[in-house]
Amino acid sequence: MRRHFLTLMDLSPVELRRVIERAMELKARSRLRERYLPLEGRILAMIFDKSSTRTRVSFEAAMTHLGGSAIFLTSADTQLGRGEPVEDTSQVLSRMVDVVVIRTTSHEMVETFAAHSRVPVINGLTDRYHPCQLLADVQTYREQRGEIRGRTVAWVGDGNNVCHSWINAARQFGFDLRIATPPGYAPAEELVHASRGFVALVDTPRQAVEGVDIVVTDTWASMGDEDEKERRQKDFDGYTVDQSLMNTAHPDAVFMHCLPAYRGLEVSAEVMDGPRSLVFDQAENRMHAQKALLEFLLVPGTR
Ligand code: CP
Ligand code: NVA
């Protein structure tokens, strides 16, 4: 049966754990430069309507390493940009390629594409979620500090797509998530409700961070929010993850950020470039985690 990965809820907790374990194995094997070509002849189509460094390069590199190839597209240079329905585009592309990654604004567009696709569809970021990021993030914590289950995580900043995926992760991986956002920037209520028991909204960054194992943030102005940049900088005053805030976390706590980061805004340069920061391991692990995901979706027997 074809499976999609539109949110972290599309895989069971056991499957997610298996993908992360596998990502670590594939990373170790790639360090040894072992040849492993399970996706020989397979093609990934990538439809990207928003900028990307990590997601694009990690998927393209992953496909090449595993013996397959990738075709990079934007809506603007396909007929999607001229009004061809998503449903038709999905039926056409999925007769030609083996898997599709989509990065776009509308989560509903990705759901519609998936509903009409013969092949697995992966969410490469929508306004609502960024599930691939969380595979890499959980892998990174696991490598550096062990199991994430039972730990406590603080999200400080915008209740955005990445925050929503952390909320899903709290439930799927079994950790506590404390979220501090300025008024008006809270994550979607129904997602918080669905993860109740794992997620708490708190009033200040300090309340979120005190004693936690992981401090996470993201840009205050996501792609699409550019017009609100100035207003957001005012609204997020006091939400910078700086050294004095990090000092209130557990002494062994780490700092995480999906990148791109804006030093001096959501994170101080000292924290971003400091010894507790895992941001570049997170970025590298995008590639390893997505290799494991592609294998899970495309190679029978790895589920
Ligand atoms: N973290 C992340 O998805 O980065 P890109 O926007 O560079 O893909
Ligand atoms: N929240 C950010 C994440 C970028 C990877 C955005 O959507 O722009």
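Counting from 1, the numbers follow the sequence of the chain as shown. Numbering of ligands and ligand atoms starts at 1, following listing order.
Residue C258 has no N or O atom closer than 3.5 Å to an N or O atom of ligand 2. Remark: ligand 2 and H130 share no N or O pair separated by less than 3.5 Å (distance only, no angle test). Not a single N or O atom of T219, backbone or side chain, sits closer than 3.5 Å to an N or O atom of ligand 2.
Taking atom 8 (O) of ligand 2 as the reference point, the nearest protein heavy-atom neighbour is M223 N, 2.8 Å.
The residues R145 and D213 are annotated as not salt-bridged, no charged nitrogen and carboxylate oxygen being separated by less than 4.0 angstrom. A salt bridge is defined here as a Lys NZ or Arg NE, NH1 or NH2 lying under 4.0 Å from an Asp or Glu carboxylate O, and R128 with E190 meets this definition. With salt bridges taken as basic N to acidic carboxylate O contacts below 4.0 Å, none links K50 and E226. At a threshold of 4.0 Å, the pair R17-E147 counts as salt-bridged, since one of the basic side-chain nitrogens sits closer than that to a carboxylate oxygen. Salt bridge absent: R18 and E21 never bring a charged side-chain N and a carboxylate O closer than 4.0 Å.
The closest heavy-atom contact to atom 7 (O) of ligand 2, among the options V162, T105, N161, N160, comes from N161.
Here M287 sits alone; no ILVMFWY side chain lies under 4.5 Å from its own, so it joins no hydrophobic cluster.
If you number the atoms of ligand 2 from 1 as listed, the ones under 4.0 Å from a heavy atom of D218 come out as 1 (N), 2 (C), 3 (C). Of all atoms in ligand 2, numbered sequentially from 1 with element shown, those under 4.0 Å from a heavy atom of L125 are 3 (C), 4 (C), 5 (C), 7 (O). With ligand atoms numbered from 1 in the order given, ligand 2 contributes 5 (C) to contacts under 4.0 Å with heavy atoms of L259.
Atoms CG and OG1, on D49 and T74 in that order, are 6.5 Å from each other to the nearest 0.5 Å. Note that the CG atom of D98 and the CG atom of L297 stand 12.0 Å from one another [nearest 0.5 Å].
Note that R56 lies in the cation-pi zone of F72, set by a 6.0 Å cut-off to the ring centre and a 45° limit from the axis.
The closest side-chain heavy-atom distance from N123 to H107 is below 4.5 Å.
Protein residues are said to neighbour a ligand when one of their heavy atoms lies under 4.0 Å from it; for ligand 1 these are S52, T53, R54, T55, R103, H130, Q133, C258, L259, R286.
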